[in-house]
Amino acid sequence: MNKAVTYSMENDIAIVMIDSPPVNAVDQSVRAGLKQVFTELREKSGINAIVLGCAGKTFVAGADIKEFNTGIAAPGYHEVLRLIEDSPVPVIAAVHGTALGAGTEIALACHYRVAHEGARFGLPELSLGIIPGAGGTQRLPRVVPLDVALDMTLSGKPLPAAKAAEAGLADAVVGGEVVPAAVAFARTLVTKGAGPRRTREQAVKGAEQATELFAAKRAQIAKTMRNRQSPIALISALEAAVTQPFDQGLQVEGKLSGQLEQATEAKALRHLFYAEREVRKIPGLAADIAPRPVARVGIVGAGTMGGGIAMCCVNAGIPVTLVDAVQQNLDRGMATIRKNYERSVARGSLQPEQLEERIKLIIPSLDFAALADADLIIEAVFENFALKKEIFAKLDAVAKPGAILGTNTSTLDIDLIAAVTRRPQDVIGLHFFSPANVMQLLEIVQAGKTAPDVVVTALEFAKRIKKTGVVAKVCYGFIGNRMMDPYAREAEHCLLEGATPEQVDGALEQWGMAMGIIAVFDMAGVDIGHLTRAERKHLLPKDPGFYRPTAMLTERGWLGQKTGRGYYRYDGAERKRTPDPEVVALLHEEGRRLNIEQRKPSAQEIQERCLYAMINEGALLLEEGITLRASDIDVVYTAGYGFPRYRGGPMFYADTVGLKAVYDKIIEFQKMLDPQYWQPAPLLKKLALAGSSFAQWQAEQSR
Ligand code: 3H9
């Protein structure tokens, strides 16, 4: 007997249960089990309806993603889903948790769907670079209107049960146990004499609007999903549902999905799926280390960062004590938090009473003593070493024994910060990204003396506040900012060589970065990086061109969006980014003054210089042990730096280019540009010459 799928009888109703922990993903054994059970039930007499449910916390959460690497073994999805749909008696899906991907596709092959009120239905395949390949593109628009089908599949956002019912995807929404409710639903069908309602026999809903809808979505994809194949294929598959009979439509879907599964885009996104789960596993940390309880968080500094962190905590129901030295800062901080929540209320994503509940969870205070009962205290003040050390000495005096002391520094040496306390084992870096309530990434920096259970607590805390926590060790800039340094250095240098900010940003954005680095500087404040570099002047290269544009703009007070001009101008009510000929002329003039060759780099050269400089630094981080895995770097960059997910992160991308090609280019740049910057990292060189990859190296390390 197949263990993943079993059935029992409740009088004339068969109850089929899938039980394949942790999330009932469909693998070969689930498909084989469904085939076996549905074949058997077909031949059995006395059955008037079949309920299909799942054990555990969720309905089927999708195809087993691992199978895409190995190929899908028989029996295939179509065979099994057709068998379910062909059942001579009604089949009712009993859905709880999240029906995702193949889960929703199975539910669509059933004749009716009963959903628990907390259930959600989604087709997130695009987030894996593929399209629903088990008939989803053909069955969904036969159940929900075409515009809903397009939105669901393009956004990948799951529909909550109530919305699913509105759209026609759920026939009933119930509280309590879903399987007994589905059995009751089945009984009503039997009593009424209702037979199977096969999805494939239904007409596409809203087909009359198809032409306009597809045209609008294609235009949207061209704008917002640049460089990607899967969204375009998705539209073609949905179009086939409208223009072709069901079976031909399935063939179109099959052909497209087969091509996508093996494409780099899908491989990159699968890589990230596993990389994002791998970050929580820290080699050397015993699995049984318990996290410390975090019932209250203290935050020092009520600025943008502190306020954003406070919002993350209270969004997860964790009460916060927010301390600042100045009453005005506290007032402003609390007002900003309220304003942010009011925006959510206006958008409809938050109820007014939730706003009040969340605000009530924050206790503002001017007194450090108010932090005495906090289990975790996060310092989020201005990036100044002396100030941070002073604060940590104060925290050491007031925090209770065992409280974790976190610093939000983005560059400073946490070992030195920890050293001012009597409890360096409790000190850790918690580097949030601005705006902290929005950005996904949390760099968790383990200092030399940080205790293992403090790292475990930080990872657990990240999960609670719905962030992706990635562990790094101490160095200047940790993972993200350290790799950003050479990337931006090249971008800046291109400006002195005759490229305009628009050309540099255009090249990076065309390649897929969410925002070009020059525009990022304008957004973050041109002075920020400049001031950090000023503090480390003695450590910087002896090169008058090094980050010279930033220095020149800072000297002039052209600090970016906040001053209305930086590398670009931000005039008018919309404050739209527009080119500034004065800045272009100023920087080119400076380039000539510094005798920098005016080579006007091409888009491809800009992309290669910026990205390969970043990748080379990543290889250094791996060698130095600052990061645990190449895939952790990929998570940092896709979660925190607008690196395109469909390229898999910088290290995965390097593997797709081929490390030898990256290495050769670096050697070419060494000859063509300033050689002090173009020294291949020894690890990159070793792997490139051995024909290896970062992925292979990582696999060998974990053996
Ligand atoms: C698809 O269905 C294609 C079809 O059209 C058919 C084409 C022919 N496969 O996230 P968690 C593992 S595409 C394999 O930490 P949570 C995960 O790796 C698929 N493994 O739990 C982890 O393992 P480990 C569409 C999977 O409670 C463990 O389960 N479906 C899969 O935070 C727990 O996962 C999706 O894209 C899978 N599909 O969240 C859904 N899913 O413990 C992807 C999970 O060893 N999954 N695992 O690290 C999710 O979104 C979340 O896992 C879910 C639970 C919301 C379900």
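Just so you know, residue 1 is the first one in the sequence shown, and it goes up from there. These numbers were taken from a predicted model, which means no experiment stands behind them.
- The minimum heavy-atom distance linking Pro650 with Met483 is given by the pair CG-CE, 4.1 Å.
- If you take CG on Leu659 and CH2 on Trp697, they are separated by 12.0 Å, rounding to the nearest 0.5 Å.
- Checked by atom type and distance alone, the side chain of Arg647 never pairs as donor or acceptor with a backbone atom of Gly512 at under 3.5 Å.
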Derivation and outcome, side-chain hydrogen bond (donor to acceptor under 3.5 Å, both in side chains), residues Tyr641 and Asn481: CA-CA 9 Å; Tyr641 288 84; Asn481 284 348; 2.7 Å; yes
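- In plain terms, the two heavy atoms of Ala295 and Asp375 that are nearest each other are N-OD2, 2.7 Å.
- Using a 4.0 Å cut-off between charged nitrogen and carboxylate oxygen, Glu624 and Arg482 count as a salt-bridge pair.
- Leu412 is not listed as a side-chain neighbour of Leu416, based on a closest heavy-atom distance of 4.5 Å or more.
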Just do the side-chain contact (heavy atoms from CB on, under 4.5 Å) check on Ile299 and Ile377 with the steps written out, would you? CA-CA 6 Å; Ile299 296 172; Ile377 305 175; over 6 Å; no
One pair to check against side-chain contact (heavy atoms from CB on, under 4.5 Å): Val662 and Glu608. What are the steps and the verdict? CA-CA 9 Å; Val662 174; Glu608 285 172 346; over 6 Å; no
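- Cation-pi geometry between Arg533 and Tyr547 is met: under 6.0 angstrom from the ring centre, within 45 degrees of the axis.
- Side chain of Ser230 to main chain of Ile131: no donor-acceptor pair is present (N/O by atom type, distance under 3.5 Å, no hydrogens or angles).
- Thr264 and Thr656 are not linked by any side-chain donor-acceptor pair at a separation below 3.5 angstrom, with hydrogens and angles left out of the test.
- The shortest side-chain heavy-atom distance between Ser434 and Met439 does not fall under the 4.5 Å cut-off.
- With a 6.0 Å radius and a threshold of 12 heavy atoms from other residues, nucleotides or ligands, Gln604 has its CD atom at or below the threshold.
- Thr407 places none of its side-chain heavy atoms less than 4.5 Å from the side chain of Leu430.
- Proximity of a side-chain donor or acceptor of Asn437 to a complementary backbone N or O of Cys312 within less than 3.5 Å is not detected.
- Heavy atoms only, all atoms of each residue included: Ala514 and Glu509 are closest at O-CG, 4.3 Å.
- The backbone N or O of Glu261 sits less than 3.5 Å from a side-chain atom of Arg270, completing a donor-acceptor pair.
- Phe433 and His431 have tilted rings, their planes meeting at an angle from 30° to 60° on a 0 to 90° scale.
- Asp396 contributes no side-chain N or O that, together with a main-chain N or O of Phe392, makes up a donor-acceptor pair within less than 3.5 Å.
- If you take CG on Leu269 and CD on Glu125, they are separated by 12.5 Å, rounding to the nearest 0.5 Å.
- Under a 3.5 Å cut-off, the side chain of Glu443 and the backbone N or O of Phe478 do not form any donor-acceptor pair.
- Judged purely by distance below 3.5 Å, without hydrogens or angles, the side chains of Tyr476 and Thr532 never pair a donor atom with an acceptor atom.
- The distance from the CD1 atom of Ile428 to the CG atom of Leu405 is 11.0 Å, given to the nearest 0.5 Å.
- No side-chain donor-acceptor contact under 3.5 Å links Glu490 to the backbone of Ile606.
- For the pair Arg226 and Trp511, the NZ or CZ position fails the cation-pi test of under 6.0 Å to the six-membered ring centre and within 45 degrees of the ring normal.
- At least one side-chain heavy atom of Pro132 sits less than 4.5 Å from a side-chain heavy atom of Leu234.
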Please test Thr153 against Leu126 for side-chain contact (heavy atoms from CB on, under 4.5 Å), starting from the C-alpha separation and ending with a verdict. CA-CA 7 Å; Thr153 47; Leu126 282 197; 6.0 Å; no
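- Here the CZ atom belonging to Arg629 is positioned 6.5 Å from the CD atom belonging to Gln698, to the nearest 0.5 angstrom.
- Contact annotation: the side chain of Cys494 approaches that of Val504 to within less than 4.5 Å [non-hydrogen atoms, C-beta and beyond].
- Checking Glu278 against Ser631 by side-chain atom types alone, no donor-acceptor pair falls below 3.5 Å.
- Within the structure, ring pair (Phe, Tyr, Trp, His ring centres under 6.0 Å) pairs that include any residue of residues 264-295 comprise His271-Phe652 (at least two apart or interchain).
- Inter-residue side-chain proximity for Asp634 and Phe643 is flagged as unmet; no heavy-atom pair is nearer than 4.5 Å.
- Side-chain atoms of Thr98 never come within 3.5 Å of backbone atoms of Leu100 as a donor-acceptor pair (strictly under, hydrogens ignored).
- None of Asp505, Thr550, Ile517 except one satisfies the side-chain contact (heavy atoms from CB on, under 4.5 Å) rule with Tyr567; the exception is Thr550.
- A 4.5 Å side-chain heavy-atom check between Lys467 and Leu441 finds every atom pair outside the cut-off.
- By the neighbour-count criterion of 12 heavy atoms within 6.0 Å, atom CZ of Arg296 is densely surrounded, having more than that number from other residues, nucleotides or ligands.
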Checking Arg645 against Glu276 for the salt bridge (charged side-chain N to carboxylate O under 4.0 Å, His left out) test, could you report, in this order, the C-alpha distance in whole Å, the side-chain angles of both residues, the deciding distance, and whether it holds? CA-CA 12 Å; Arg645 290 181 66 80; Glu276 281 161 358; 2.7 Å; yes
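- The OG1 atom of Thr411 sits 11.0 Å away from atom CD1 of Ile528, with the distance rounded to the nearest 0.5 Å.
- Residue Cys610 holds its SG atom at 10.0 Å from CD of Glu492, rounded to the nearest 0.5 Å.
- Side-chain contact between Pro283 and Gln701 is absent, with no heavy atoms from C-beta onward closer than 4.5 Å.
- Cation-pi geometry between Arg489 and Tyr677 is met: the NZ or CZ atom falls under 6.0 Å from the ring centre, inside 45° of the normal.
- Of all heavy-atom pairs spanning Ala436 and Gly308, the tightest one is CB-C, 3.7 Å.
- Under the side chain to side chain donor-acceptor pair (under 3.5 Å) criterion, Gln440 pairs with Thr468, sequence neighbours left out.
- Nearest heavy atoms, Ala630 versus Met651: O-CG, 3.7 Å.
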Full working for side-chain contact (heavy atoms from CB on, under 4.5 Å) between Ile318 and Val320: CA-CA 6 Å; Ile318 309 172; Val320 164; 5.5 Å; no
Extract all donor-acceptor atom pairs below 3.5 Å that involve side chains of residues 450-465 and protein atoms in other chains or at least two apart in sequence.
unit_1, atom_1, unit_2, atom_2, d
Thr450, OG1, Val427, O, 2.8
Thr450, OG1, Ala447, N, 2.8
Thr450, OG1, Ala447, O, 3.3
Asp453, OD1, Arg292, NH2, 3.2
Asp453, OD2, Arg292, NE, 2.9
Thr457, OG1, Arg292, N, 2.9
Thr457, OG1, Asp453, O, 2.5
Arg464, NH1, Val294, O, 2.8
Arg464, NH2, Val294, O, 3.4

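- Although no hydrogens or angles enter the test, the distance criterion places a donor-acceptor pair under 3.5 Å between the side chain of Ser693 and the main chain of Gln696.
- Heavy atoms only, all atoms of each residue included: Gly480 and Val636 are closest at CA-CG1, 3.9 Å.
- Salt-bridge check for Glu668 with Arg609: failed, with every basic side-chain N at 4.0 Å or more from each acidic carboxylate O.
- A distance-only check finds a donor-acceptor pair linking the side chain of Glu265 to the backbone of Gln229 [under 3.5 Å].
- Between Asn616 and Tyr663, the side chains place no donor N or O within less than 3.5 Å of an acceptor N or O (distance only, hydrogens not considered).
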